[in-house]
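First the proteins, then the strands, lettered A, B, ... as listed; each starts at 1. Everything numeric in this text was worked out from a predicted model, so none of it was measured.
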Number of protein chains: 2
Amino acid sequence: MNVYSISEAAARYHIPESTIRYYEKKGLLPFIERDKAGRRLFSEDQMTLLGTIMCLKNTNMPISGIKQYVDWILEGESTLERRLKMMNDHRKAVLDEIALMTDSIDGIDYKIARYAKQIQERKHGKGE
Amino acid sequence: MNVYSISEAAARYHIPESTIRYYEKKGLLPFIERDKAGRRLFSEDQMTLLGTIMCLKNTNMPISGIKQYVDWILEGESTLERRLKMMNDHRKAVLDEIALMTDSIDGIDYKIARYAKQIQERKHGKGE
DNA sequence: GGTTGACTTCAACCATGGTTTAAGTCGTAT
DNA sequence: ATACGACTTAAACCATGGTTGAAGTCAACC
């Protein structure tokens, strides 16, 4: 079984090592082995978990929510339904957030159009 | 010219009054008049500005960025190009963020599919 | 004329999500 | 043997974006 150092994990997900240590301390990355010098060794499974954590983080799930999710994974099969519901609820929340952002872009586009027009008008007005 | 109270402004944009006071203190809402009892009176223009601020906030522009934008508005016509560029840059950043979220949803969907399958399998396995 | 409701100010407080710093350990290359 | 780079810990520090509390003012209703 291949293992990875913290710098490899950090590089793979484009995050600082300090963030990974912080996540471990918060309980998002349980059971990370160490080599005899005390350095973290990430298994393939833990890299995958970190990938999942990044998906959740990228979609603005709070640390506390991610922690709950990881705790349910550790608890085993009996939490499958809860995990499924959590992911489904989260998916919905993310789609809502994207919709809000998309709507807000319309307001921004309106500003862009107005500024572009005003700048054009000012150019044409020059020298008249 | 119609004017609005802070509670009307809060209701219109679904935010707490405390947030509006906070935004004013941060310089996002300049020149708000008061009645003789010291209560804020929002003009139609200021309500519109608050609407724009909410668009920027909903798309995760930091307060400092919104402040810069408002300062440029106050500075007048000479900042039109800068405002246009800012809105264009922001638009691009928002689209990138939406793309990242959309990609992350794929990871979540994968989990949803796996959990749904595992739950199904467990059901069928029961009683065998 | 007293109470109620909507507002005011200012400062203190809070959660979130990390980042930074200091001091130290280990393995390897010179 | 020593210097270097990669790593470790724990605690302190930081920015962001508000929220909350105390104490007070004012207009209007009973």
Side-chain angles (χ1 to χ4, degrees), chain A residues 3-43 46-47 50 52-70 90 93-94 97 100-101 104, chain B residues 3-43 46-47 50 52-70 90 93-94 97 100-101 104:
Chain A
V3 291
Y4 305 88
S5 68
I6 193 171
S7 58
E8 288 169 321
R12 179 135 139 199
Y13 294 106
H14 311 103
I15 52 176
E17 298 177 8
S18 63
T19 300
I20 295 178
R21 293 192 191 100
Y22 172 73
Y23 286 172
E24 188 195 16
K25 193 165 48 182
K26 286 287 176 174
L28 306 190
L29 294 166
F31 309 131
I32 299 205
E33 302 290 316
R34 310 291 167 122
D35 67 13
K36 68 178 183 176
R39 295 187 219 116
R40 288 167 183 81
L41 298 174
F42 294 77
S43 70
Q46 282 162 336
M47 292 291 268
L50 184 50
T52 302
I53 289 170
M54 293 313 293
C55 280
L56 298 177
K57 190 202 97 156
N58 288 339
T59 50
N60 304 316
M61 180 178 287
I63 300 282
S64 58
I66 301 176
K67 170 83 163 78
Q68 173 65 271
Y69 175 67
V70 171
H90 182 59
V94 176
E97 205 180 327
L100 176 61
M101 295 179 83
S104 298
Chain B
V3 292
Y4 305 89
S5 69
I6 194 171
S7 59
E8 288 168 322
R12 179 134 139 201
Y13 294 106
H14 310 103
I15 52 175
E17 300 178 7
S18 65
T19 300
I20 295 179
R21 294 193 189 100
Y22 172 74
Y23 286 173
E24 188 195 15
K25 192 164 50 182
K26 286 287 177 174
L28 306 191
L29 295 167
F31 308 132
I32 299 204
E33 302 290 316
R34 308 293 167 119
D35 67 11
K36 67 178 184 176
R39 293 187 219 116
R40 288 168 183 80
L41 297 175
F42 294 79
S43 69
Q46 281 163 336
M47 292 291 268
L50 184 50
T52 302
I53 290 170
M54 293 313 293
C55 279
L56 297 176
K57 191 202 97 157
N58 288 340
T59 50
N60 303 317
M61 182 180 286
I63 299 283
S64 58
I66 302 176
K67 171 82 164 81
Q68 173 66 270
Y69 175 67
V70 172
H90 182 58
V94 175
E97 206 181 325
L100 176 60
M101 294 179 85
S104 297

Length of the CD1-C1' vector between Ile6(A) and dC26(C), whole Å | 16 Å
Any side-chain heavy-atom pair from Phe31(B) and Gln46(B) closer than 4.5 angstrom?
-> yes
Using the side-chain contact (heavy atoms from CB on, under 4.5 Å) rule, take Glu33(B) and Val3(B) through it: C-alpha gap first, then chi angles, then the decisive distance, then the call.
-> CA-CA 10 Å; Glu33(B) 302 290 316; Val3(B) 292; over 6 Å; no
Would you indicate, yes or no, if dT9(C) has its OP1 or OP2 atom less than 4.0 angstrom from a side-chain nitrogen or oxygen of Arg34(B)?
-> yes
In whole Å, what is the span from the CG atom of Asn58(A) to the C1' atom of dG17(C)?
-> 14 Å
Rounded to whole Å, NZ of Lys67(B) lies from P of dG17(D) at a distance of 14 Å
Least distance between heavy atoms, Thr59(A) atom then Met101(B) atom | CG2-O, 3.9 Å
Have a look at Lys26(B) and say if it touches a base, only the backbone sugar-phosphate, or nothing, with a 4.0 Å heavy-atom cut-off.
-> nothing
N/O (side chain, Arg40(A)) to phosphate O (OP1/OP2, dT8(D)) under 4.0 Å = yes
Trace of the salt bridge (charged side-chain N to carboxylate O under 4.0 Å, His left out) decision for Glu17(A) with Arg21(A) = CA-CA 6 Å; Glu17(A) 298 177 8; Arg21(A) 293 192 191 100; 3.3 Å; yes
By nearest-heavy-atom nucleotide on DNA chain D, the more 5' of Lys57(B) and Glu17(A) is Glu17(A)
Pairwise 5' ranking along DNA chain C for Lys25(A) and Glu8(B), keeping only the more 5' one | Glu8(B)
Short side-chain N/O contact to dT8(C) OP1/OP2 from Arg21(B), under 4.0 Å | yes
Does Ser5(B) make a side-chain N or O approach to OP1 or OP2 of dC7(C) shorter than 4.0 Å?
-> yes
Distance below 4.0 Å between Tyr23(A) side-chain N/O and dG18(C) OP1 or OP2 | yes
Under 3.5 Å: donor-acceptor pair, side chain of Tyr69(B), backbone of Ile53(B) | no
Would you indicate, yes or no, if dC7(C) has its OP1 or OP2 atom less than 4.0 angstrom from a side-chain nitrogen or oxygen of Ser7(B)?
-> yes
Can you check the Tyr22(B) OH to dT19(D) C1' distance for me, whole Å?
-> 11 Å
Once you round it to whole Å, what is the distance between C1' of dT28(C) and CG of Asp35(A)?
-> 14 Å
Spacing between Glu24(B) atom CD and dT8(C) atom P, to the nearest angstrom | 9 Å
Contact class for Ser18(B) (heavy atom, under 4.0 Å): base, sugar-phosphate, or nothing?
-> base
Spacing of Arg39(B) atom CZ relative to dT9(C) atom P, expressed in whole Å = 12 Å
Nearest-angstrom distance from the residue atom CG of Leu41(B) to P of dA6(C) = 17 Å
